[in-house]
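What you see is a predicted model, and the numbers here were worked out from it, not measured in a lab. Here is how names work: the chains are called A, B, and so on, in the same order as the sequence lines, proteins then strands, and each is numbered from 1.
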Protein chains: 2
Amino acid sequence: MIAQWLCYNRSETFRGEQAQHKSMARRHNIDGRPTIAQIARIAGVSVPTVSKVLNGRADVSLPTREKVERIIEEYGFVRNRAARALRKGKTGLVDLLLPRLDDEYYLPILEGVAQVLREAGLRLVLTATDYKPEEEVRWITTVTDHSTDGILVVLPSERAIEQLERSGLPFVLIHNQGGLQATAPSVRITSWEGGFVATTYLLRLGHQRIAYIGKTSPARDAIERIAGYRAALDAAGLPLMPELECDGDFTEASGYQATLRLLELPEPPTAIFAGNDRQAAGVYRALHERGLAVPEQMSVVGFDNLPYTEIMNPPLTTIHAPRLELGRTAATMLLRLINGEQLEMPRVVLPTHLVERQSCSPPRQQQE
Amino acid sequence: MIAQWLCYNRSETFRGEQAQHKSMARRHNIDGRPTIAQIARIAGVSVPTVSKVLNGRADVSLPTREKVERIIEEYGFVRNRAARALRKGKTGLVDLLLPRLDDEYYLPILEGVAQVLREAGLRLVLTATDYKPEEEVRWITTVTDHSTDGILVVLPSERAIEQLERSGLPFVLIHNQGGLQATAPSVRITSWEGGFVATTYLLRLGHQRIAYIGKTSPARDAIERIAGYRAALDAAGLPLMPELECDGDFTEASGYQATLRLLELPEPPTAIFAGNDRQAAGVYRALHERGLAVPEQMSVVGFDNLPYTEIMNPPLTTIHAPRLELGRTAATMLLRLINGEQLEMPRVVLPTHLVERQSCSPPRQQQE
DNA sequence: AAAGAAATCGAAATCGTTTTCTACAAGAAA
DNA sequence: TTTCTTGTAGAAAACGATTTCGATTTCTTT
């Protein structure tokens with residue numbers, strides 16, 4: 001982080017000589033910024049003509065255009081966005097609703113959205129709803145007042161979706177939890193496939209007793225992950241082992257506790273598929289406390305591919321959730337909707353994939 | 001809400017005597033949301049009266065107020081924010097400029113800003129500048145068009161500060177790198193004290209040879225950290241040990257490399273103060289590769305208190321940088337400025353403190 | 001009962017831009 | 001020359017709210 005401060009400060013040494021704008025404009029306007037009317041008067045043309053120049057319309061002669069452009073440049077004129085928004089009915093803003101801001105999981109989504117919006121010249125309005133549907137609804141209601149061009153909602157509640165559909169605003173859902181039948185534009189990831197791939201990977205290494213943590217959550221993604229796990233076992237001709245399916249609310253603590261319980265089993269698993277990376281961190285902690293080595297005595301697979309999985313010890317093998325693309329895709333779709341276009345693919349699912357690092361190996365009995 | 005629009009339109013359709021007015025109003029209102037004018041007509045009052053009710057002004061009689069409020073409620077009216085912004089000169093928006101969005105360091109700052117703005121009923125516009133001064137300047141220029149009420153800039157460049165001061169907009173700087181003489185409103189943390197405390201902590205444990213990683217960065221915070229380290233050594237009557245002051249650009253990789261070099265020294269240190277948590281993660285990796293145990297064979301202290309330091313193995317002792325408060329304080333100050341108040345304390349410095357976990361112990365020779 | 005004070009309400013102006021829609025000029029076609 | 005385009009420019013009307021300020025009405029006071 002501070003690394004970049006370095007080169008950043010370097011380029012600082014070339015201190016750009018900024019063209020100082022004429023202070024004459026001050027005379028005309030109280031807050032110092034000229035309006036179209038003033039520019040028009042100074043240029044000796046009418047207000048609409050200036051507007052036409054600003055908007056690149058054709059019906060302005062070249063000399064007039066150049067004169068107006070010169071004055072605009074000279075006085076450093078920028079048009080009042082509020083007035084423009086009022087007249088055009090567009091605000092240049094897009095709202096993004098996240099459950100939480102202090103959860104690094106959402107960061108790349110935010111980043112992806114920000115990238116696309118920046119390219120499109122739109123500004124990003126960010127709100128955290130703290131996982132409360134009423135907050136979501138409240139926010140959607142308050143931005144229904146022409147103050148946004150479109151909305152992106154991560155993990156929307158049912159109520160939020162209803163409210164969105166009612167509002168008539170363009171919107172795209174990210175990580176929609178809703179039923180499969182929902183028709184609203186949305187972007188998701190292949191959680192089922194991720195669960196399947198992770199489990200299959202462990203099976204291929206020779207593991208037979210593979211635990212899963214995170215059974216309880218009613219969230220769509222969680223349900224898909226465990227379904228993928230079960231399907232992989234099934235495809236390998238193995239029976240389900242209910243004692244190896246642990247509760248877990250996808251926190252570090254629940255990963256820790258689930259692992260302790262698993263280790264007390266008469267026949268503990270040789271591998272743990274930890275539902276997500278946070279739980280995997282808890283798994284590591286429990287294993288370390290009990291003096292068990294990863295991957296020699298226990299293989300571990302995570303899900304999400306959070307940044308810190310790279311610096312875990314050993315680096316965690318995990319399923320990559322393409323969160324940046326989630327954000328980019330959703331934002332791109334929303335831009336289309338705002339533009340009045342139809343989406344040929346309103347419901348997009350982005351692929352996950354396995355990131356192989358050093359937390360897995362064949363089970364001990366096969367190693368020897 | 002659509003239900004109400006329905007009945008709204010229905011009642012309009014059946015109102016013959018107001019037909020001419022109605023058709024006009026309908027023609028101009030494409031998206032079906034009522035305007036103040038329509039509410040006023042339905043309530044049988046004037047436009048200003050509705051406005052007064054909306055703004056809680058005193059000169060409206062109770063019966064009138066109640067009637068208008070009922071109609072507003074019934075029709076689910078929300079006022080057009082663009083129109084309001086134009087007239088009042090306030091947008092209800094605050095811009096936050098961050099160097100990057102994918103850096104978890106900034107997350108709590110963002111969270112703190114978001115909290116305060118939410119309480120104040122303002123919306124947060126987020127932009128990443130990618131550490132480029134020209135991006136900062138470009139953004140500041142484009143929001144100078146009355147489209148924001150105030151700006152918060154994290155790690156502002158010199159040029160950005162100049163631009164801000166020229167713009168006349170309210171602004172507060174976070175982590176200002178500038179010289180001590182700068183008078184602009186800003187919030188920082190006590191980096192020097194953090195460096196001093198971390199080093200003193202290690203000295204008290206009995207360490208004599210304490211390394212520091214991150215010498216090279218010209219960033220204000222980095223300079224203060226190493227200055228604190230040196231001052232602590234000095235206060236303990238120890239000489240500076242240049243061979244123990246390592247270069248480092250505050251990435252995981254540089255922590256790793258610096259540690260390898262330190263271990264090759266004829267007399268390696270017994271403790272490493274790692275400049276920041278990311279470098280500490282690299283230190284852990286190098287030590288683990290060389291088979292050295294933390295804290296038994298090497299004590300490590302980080303800086304920042306990133307979330308993952310808690311789940312490092314062992315949990316990292318580090319200096320807490322109060323980033324949430326950084327965001328909250330800056331936002332609170334900005335709110336004051338927007339409100340036209342004077343700041344009695346324009347330049348705030350927030351205290352850091354040591355978070356003691358399990359990565360430090362007395363050096364080996366003293367243990368035995 | 002008359003006059004003054006206070007409460008209540010609305011007409012009209014305003015914020016700064018965009019969008020018709022009309023007017024006029026110059027050039028092309030008849 | 002007359003008529004018809006074509007190209008330019010501007011007058012005026014929105015967009016939807018807030019604010020000012022004058023006009024009523026109601027309430028006190030003497």
Side-chain angles (χ1 to χ4, degrees), chain A residues 25 28-69 71-72 75 77-92 142 144-147 149, chain B residues 21 23-69 71-72 75 77-92 144-147 149:
Chain A
H28 298 292
N29 202 339
I30 305 126
D31 76 349
R33 262 182 297 276
T35 68
I36 277 198
Q38 290 163 8
I39 295 295
R41 188 148 29 83
I42 295 161
V45 298
S46 73
V47 168
T49 301
V50 178
S51 176
K52 285 170 186 170
V53 171
L54 285 169
N55 292 296
R57 310 271 286 236
D59 58 345
V60 179
S61 70
L62 193 59
T64 311
R65 173 180 305 270
E66 281 174 347
K67 181 173 56 182
V68 171
E69 276 170 349
I71 305 280
I72 286 175
Y75 287 80
F77 167 80
V78 275
R79 55 189 153 190
N80 183 316
R81 219 186 290 220
R84 186 156 211 253
L86 171 59
R87 182 62 233 225
K88 309 238 338 173
K90 298 267 173 177
T91 59
T142 69
T144 307
D145 60 354
H146 293 276
S147 59
D149 291 349
Chain B
H21 293 292
S23 66
M24 271 188 63
R26 187 81 84 54
R27 192 178 57 219
H28 297 307
N29 197 349
I30 309 123
D31 65 359
R33 256 184 298 277
T35 68
I36 274 198
Q38 291 165 4
I39 294 295
R41 189 152 25 81
I42 295 160
V45 297
S46 75
V47 169
T49 301
V50 177
S51 176
K52 286 170 187 169
V53 170
L54 286 168
N55 291 295
R57 309 269 287 238
D59 58 343
V60 178
S61 70
L62 194 58
T64 311
R65 174 179 304 270
E66 280 173 347
K67 180 172 59 185
V68 171
E69 276 170 349
I71 304 281
I72 286 174
Y75 288 80
F77 167 80
V78 275
R79 56 190 153 190
N80 183 318
R81 222 187 287 222
R84 188 156 209 256
L86 171 58
R87 181 63 233 226
K88 307 240 334 174
K90 298 267 171 176
T91 58
T144 308
D145 60 355
H146 293 276
S147 60
D149 291 348

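- The nearest whole Å value for the distance from the CZ atom in R41(A) to the P atom in dA11(D) is 14 Å.
- The interatomic distance linking R79(A) (CZ) with dT19(C) (P) rounds to 10 Å, in whole Å.
- Within residues 48-55 of chain B, the residues approaching DNA chain C are P48(B), T49(B), K52(B), by heavy-atom distance under 4.0 Å.
- Remark on the helix from dA1(C)-dT30(D) to dA30(C)-dT1(D): inter-end axis angle 50°, axes from five-pair C1' superpositions, rounded to 10°.
- Across the interface with DNA chain C, nearest-nucleotide mapping of S46(B) and A83(B) shows S46(B) to be the residue nearer the 5′ end.
- Within the 4.0 Å cut-off from OP1 or OP2 of dT19(D), at least one side-chain nitrogen or oxygen of R57(B) is found.
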Side chain to side chain contact (heavy atoms under 4.5 Å, CB included) assessment of I39(B) paired with I72(B): CA-CA 7 Å; I39(B) 294 295; I72(B) 286 174; 3.9 Å; yes
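- In this structure, V47(A) and A37(A) approach most closely via the heavy-atom pair CG2-CA, 3.8 Å.
- Among the atoms of the strands shown, base atoms are found under 4.0 Å from some heavy atom of D59(A).
- Remark: R79(B) engages N55(B) in a side chain to side chain donor-acceptor pair (under 3.5 Å) (not counting sequence neighbours).
- Below the 3.5 angstrom threshold, one finds a donor paired with an acceptor across the side chain of R87(A) and the base of dT18(C).
- At dG16(D), none of the side-chain N or O atoms of T35(B) fall inside 4.0 Å of OP1 or OP2 (strictly under the cut-off).
- Checked against salt bridge (charged side-chain N to carboxylate O under 4.0 Å, His left out), R84(B) has no partners two or more places apart in sequence or in another chain.
- Summary of the strand contacts: K88(A) and V60(A) both lie near DNA chain D, and taking for each the nucleotide with the nearest heavy atom, the more 5' one is attributed to V60(A).
- Put simply, T64(B) has no side-chain N or O that comes within less than 4.0 Å of OP1 or OP2 on dT8(C).
- Rounded to whole Å, atom P of dA7(C) lies 14 Å from atom CZ of R65(B).
- Dashed line: the shortest gap from a side-chain N or O of K90(A) to OP1 or OP2 of dT18(C) is not under 4.0 Å.
- Rounded to an integer number of Å, the gap from I36(B) CD1 to dT14(C) P is 19 Å.
- V45(A) places a side-chain heavy atom less than 4.5 Å from the side chain of V50(A).
- Distance L86(B) CG to dA13(C) C1': 13 Å, rounded to the nearest Å.
- Proximity of S61(A) to the phosphate of dA9(D): a side-chain N or O atom is located under 4.0 Å from OP1 or OP2.
- At least one side-chain heavy atom of I36(B) sits less than 4.5 Å from a side-chain heavy atom of L54(B).
- For residues 57-67 of chain B, the set of pairs meeting the salt bridge (charged side-chain N to carboxylate O under 4.0 Å, His left out) definition, not counting sequence neighbours, comprises K52(B)-D59(B).
- Annotation for T91(B) and D149(B): closest pair N-OD1, 2.8 Å, computed over non-hydrogen atoms.
- Of all the heavy atoms in A43(A) and V68(A), the pair that sits closest is CB-CG2, 4.3 Å.
- For R84(A) and dT18(C), the shortest distance from a side-chain N or O to OP1 or OP2 is below 4.0 Å.
- With sequence neighbours left out, the side chain to side chain donor-acceptor pair (under 3.5 Å) criterion links T144(B) to no other residue.
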